[in-house]
Peer 1: 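Let me give you the structure first, and then I'll get to my questions.
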Amino acid sequence: DPQPDHMSHYRPVDDDNGGVHLYSGIPNRAFYLAAVGIGGKTSEGAGRIWYDAMRSPKLSVDATFADFAQVTVAEAKVHADVVRKSWQTVGVL
C-alpha cells in the first residue's frame, strides 16, 4: 500500500480528488497514535474526539490536515497534549 504516514511524503496529485484516499494514511496514523496515547475504549477517547471534531462548526468543508488537527486538539480537552503530539509525529503540526 503506497499510503504515506508522514507529511514529508505528501506530493500534490490530481487523481483521487487530490489524493483523499492516497494520503489518508497520514491522519490515520495520527488517530492511531492518539488512541494508543489516550488508552481505554476508543469510543470514549480518540474516537469520540475525532467524531466531535468532524461535527464541529469550526471545521469547513475544505479543511486541510492542519485545520482538522487544530480542531481535534481543541476537542481533546484533557488529552490535548497527546493529540497534539500525534499530529506533530506525522508532520502536520
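Everything numeric in this text was worked out from a predicted model, so none of it was measured.
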Peer 1: More than 12 heavy atoms of other residues, nucleotides or ligands under 6.0 Å from OH of Tyr32: yes or no?
Peer 2: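 No.
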
Peer 1: Could you give me the CA-CA distance, side-chain angles and deciding distance for Val90 and Asp5, then say whether side chain to side chain contact (heavy atoms under 4.5 Å, CB included) is met?
Peer 2: CA-CA 6 Å; Val90 300; Asp5 61 357; 5.8 Å; no

Peer 1: Please list, one pair per line, the donor and acceptor atoms closer than 3.5 Å that link side chains of residues 49-59 to other protein atoms, with sequence neighbours excluded.
Peer 2:
{"residue": "Tyr51", "atom": "OH", "partner": "Arg55", "partner atom": "NH1", "Å": "3.0"}
{"residue": "Asp52", "atom": "OD1", "partner": "Arg48", "partner atom": "NH1", "Å": "3.2"}
{"residue": "Ser56", "atom": "OG", "partner": "Lys58", "partner atom": "N", "Å": "3.0"}

Peer 1: State, with a plain yes or no, whether a side-chain heavy atom of Pro4 is found less than 4.5 Å away from one of Tyr10.
Peer 2: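 Answer no - side chains too far apart.
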
Peer 1: What's the spacing between Leu33 CG and Ile38 CD1 if we round to 0.5 Å?
Peer 2: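 Nearest 0.5 Å value for the CG-CD1 distance: 11.0 Å.
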
Peer 1: Roughly how far, to the nearest 0.5 Å, is the CE atom of Met7 from the CG atom of Leu93?
Peer 2: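 Output value for this atom pair is 10.5 Å.
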
Peer 1: Of the non-hydrogen atoms in Ala76 and Val83, which two are nearest, and what is the gap between them?
Peer 2: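 In this case the closest contact between Ala76 and Val83 is CB-CG2, 3.6 Å.
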
Peer 1: Not counting sequence neighbours, which residues clear side chain to side chain contact (heavy atoms under 4.5 Å, CB included) with Val78? List them please.
Peer 2: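 Here no residue qualifies.
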
Peer 1: Under the side chain to side chain contact (heavy atoms under 4.5 Å, CB included) test, which residues partner Asp67, sequence neighbours left out?
Peer 2: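 Expected list: Ala63, Thr64.
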
Peer 1: Return the set of residues passing side chain to side chain donor-acceptor pair (under 3.5 Å) with Asp62 (not counting sequence neighbours), or none when no residue passes.
Peer 2: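 If we apply the side chain to side chain donor-acceptor pair (under 3.5 Å) test to Asp62, skipping adjacent residues, the hits are Ser60.
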
Peer 1: Pairs in or reaching into residues 19-28: which pass side chain to side chain donor-acceptor pair (under 3.5 Å), with residues at least two apart or in two chains?
Peer 2: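 Applying side chain to side chain donor-acceptor pair (under 3.5 Å) to every pair that reaches into residues 19-28, excluding sequence neighbours, yields Gln3-Ser24, Asp16-His21.
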
Peer 1: Suppose the criterion is side chain to side chain donor-acceptor pair (under 3.5 Å): which pairs have a residue in residues 83-93, not counting sequence neighbours?
Peer 2: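 Residue pairs with at least one partner in residues 83-93: Thr72-Trp87, Asp81-Arg84.
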
Peer 1: Roughly how far, to the nearest 0.5 Å, is the CZ atom of Phe68 from the CD atom of Glu75?
Peer 2: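 Reported value, rounded in 0.5 Å steps: 9.5 Å.
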
